[in-house]
Number of protein chains: 2
Amino acid sequence: MNTLRILAIDDHEMTMLGYKFILERISFDNHTIIVDTANSFKSGKKKIEDSVNSFKYDIIFLDVQLYPPNENQPHNGEDLGKLARKLVPESKIIFMSSFSDNHRINSILKSVDPDGYMVKTDIDPKSLEDAVKTVTIQPPYYSSKALGAIRKRMSTTISLDDNDKRILYHLSIGTKTKDLEQHVELSASSIENRKRHLKSLFGTEKENDLALILAAKNRGFI
Amino acid sequence: MNTLRILAIDDHEMTMLGYKFILERISFDNHTIIVDTANSFKSGKKKIEDSVNSFKYDIIFLDVQLYPPNENQPHNGEDLGKLARKLVPESKIIFMSSFSDNHRINSILKSVDPDGYMVKTDIDPKSLEDAVKTVTIQPPYYSSKALGAIRKRMSTTISLDDNDKRILYHLSIGTKTKDLEQHVELSASSIENRKRHLKSLFGTEKENDLALILAAKNRGFI
DNA sequence: GATAAACCTTAAAAAAACTATGGTTTCATT
DNA sequence: AATGAAACCATAGTTTTTTTAAGGTTTATC
């Protein structure tokens, strides 16, 4: 009789209770599943750090957005994921995110390379169970919407460098072209050139920025 | 009571019988599943073409390697996949391949963007059923080993252009550096530069080509 | 130990990317 | 319709990167 230790970190107390309820009822070979929870960046961090010198968690579920109490600058789960990877590399990490935002997914897949990624609207008892099992037996597990995003990225052949991505990202969040210089370490002129170049890559020559970011979104870059 | 039409194309008669046997026994809402089969590039092509003007297949399972009878030059399923996409874009395509060869997977994901990809050693009744259901409800479906390969690609940040990829690929199949000029449209000198550059990207400076292609394989590029 | 391939260095040439400048178009607001 | 702001475009000079050729050194193989 093995025990499978799970840590779930989410700042919504209620949803976390839901996770705990579901997870602990999973029947999986002859494992006993124990779910520990934390509802802030800080407490999650502490639990991970403490685990280093005691029982390591088998799986850590991690919300991408964690609002620490009394602050409004969100600590993101990505940092916590990186920390966990470093401290307890043997723990499997599954990210949970409320949006299937490609930009975020891509960034997390690169910086943390988690063993699983679930878009919150995909989460239900069945997918949670699948995730736990897949991740312990043969990672990775990606939920349906996450897979959709990944598919888009894999099926395109366009390769962008960091500056391109930054330009696309900032355009997509409404940054004006003239203000882009503050975010991209390039001259205004180069930025314009790159925008032109991007538009030709995405087949939106002579169209406006909206067309560009729409195309980039469709191909999974934003 | 709907009917779900499936075409399975594989040059091994026996395995195809296996697929048919399993697939037709899947219970899926109130669908009747009908499996049609073809065991060569030619017959598969014909069935797909014929389907254009009659009942389209809902799903086409497609073996990546198809040896046509009496020839030894394998027609690959990739071409057939491209054809199917063109003729019957509404049919879902699931590729099956015996190796989890990243180069092939990447190439197929780009050129055909199939709705599913299964590595043959992952195929069993359960995964087949999952594939059918996932692909009809919310594609894509990737089998476990395929996901492993995809994960590698997504988690790395290295981006290579076509020349780099071609160099890596040819090195991996044993092409000698001096013969590379015939495949890469670059001077010998440039090829050496790029090899050096690649080795630094993959952290195999001052090591030999084997180390490079091993590293590239590990990261999912070959 | 002779030979072929791989590897490295250098310097020149070519290509690509960047930048500054000055102008034109587009769009929203009045 | 007039105006101002932002977006867009074209040109040309500059910088950076990539390619190339030519030469030599190391490594592996028979």
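Naming convention: chains lettered A, B, ... in sequence-line order (proteins, then strands); numbering from 1 in each chain.
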*asked:* Reading DNA chain C from 5' onward, which residue's closest nucleotide shows up sooner: A/I191 or B/E207?
replied: B/E207
*Would you kindly give the CG-to-C1' distance between A/L210 and C/dT26, to the nearest whole Å?*
15 Å
_Of the options C/dA17, D/dC9, D/dA7, whose atoms approach the side-chain atoms of A/K195 most closely?_
D/dA7
*What integer distance in Å separates A/L198:CG from D/dA7:P?*
15 Å
*Hey, does the side chain of A/T177 come within less than 4.0 Å of D/dA7's phosphate (OP1/OP2), counting only N and O?*
yes
_If you only use heavy atoms from C-beta on, which nucleotide in C/dT19, D/dT18, C/dA17 is closest to the side chain of B/R194?_
D/dT18
*For the pair made of CG in B/D179 and P in C/dA4, what is the distance, rounded to whole Å?*
14 Å
*Side-chain N,O (A/R196) to OP1/OP2 (D/dC9) below 4.0 Å*: yes
*Counting side-chain heavy atoms from C-beta on, which of C/dC7, D/dC8, D/dT19 comes nearest to B/E192?*
C/dC7
_Whole angstrom value for the distance that separates P of C/dC18 from CG of A/N163_ = 7 Å
*Look up atom CG in B/L80 and atom CD1 in B/I60, then write down how far apart they are to the nearest 0.5 Å.*
8.0 Å
_Rounding to an integer number of Å, can you tell me how far B/D161 CG sits from C/dA15 P?_
17 Å
_Closest-nucleotide ordering on DNA chain C, the 5'-leading residue of A/S190 and A/N208_ = A/S190
_Nucleotide of D/dT19, C/dA5, C/dC7 approaching B/K178 most closely (side-chain heavy atoms)_ = C/dA5
*Kindly point out which of C/dA6, D/dA7, C/dC7 is positioned nearest to the side chain of A/K176?*
D/dA7
*asked:* Looking only at side-chain N and O atoms, does B/D124 offer a donor or acceptor that is under 3.5 Å from a partner on B/S127?
replied: yes
_Which nucleotide wins on minimum distance to the side chain of B/K206, given the candidates D/dT19, D/dA7, C/dC8?_
C/dC8
*CD of B/E185 versus P of C/dA15: gap in Å, rounded?*
14 Å
*Using atom CG of A/D209 as one end and atom P of C/dA28 as the other, report the distance to the nearest whole Å.*
13 Å
_Nearest to the B/S187 side chain among C/dC7, D/dT20, C/dT19, which nucleotide is it?_
D/dT20
*Report, as yes or no, whether the 6.0 Å neighbourhood of atom NE2 on A/H183 holds more than 12 heavy atoms from other residues, nucleotides or ligands.*
yes
*asked:* Could you check whether any side-chain heavy atom of A/L171 comes within less than 4.5 Å of a side-chain heavy atom of A/K195, counting everything from C-beta outward?
replied: yes
*State whether a side-chain donor-acceptor pair under 3.5 Å links A/S143 with A/Y117.*
no
*asked:* Of the options D/dC8, C/dT19, C/dA6, whose atoms approach the side-chain atoms of A/N193 most closely?
replied: C/dT19
*Of the nucleotides D/dT19, C/dT19, D/dC9, which has the atom closest to the B/L186 side chain?*
D/dT19
*Compute whether any side-chain donor of one residue and acceptor of the other, for B/Q65 and B/S98, lie under 3.5 angstrom apart.*
yes
*Nearest to the side chain of A/S189 - D/dT19, C/dC7, C/dA20?*
C/dA20
*Roughly how many Å is it from CG in A/L201 to P in C/dA16, rounded to a whole number?*
14 Å
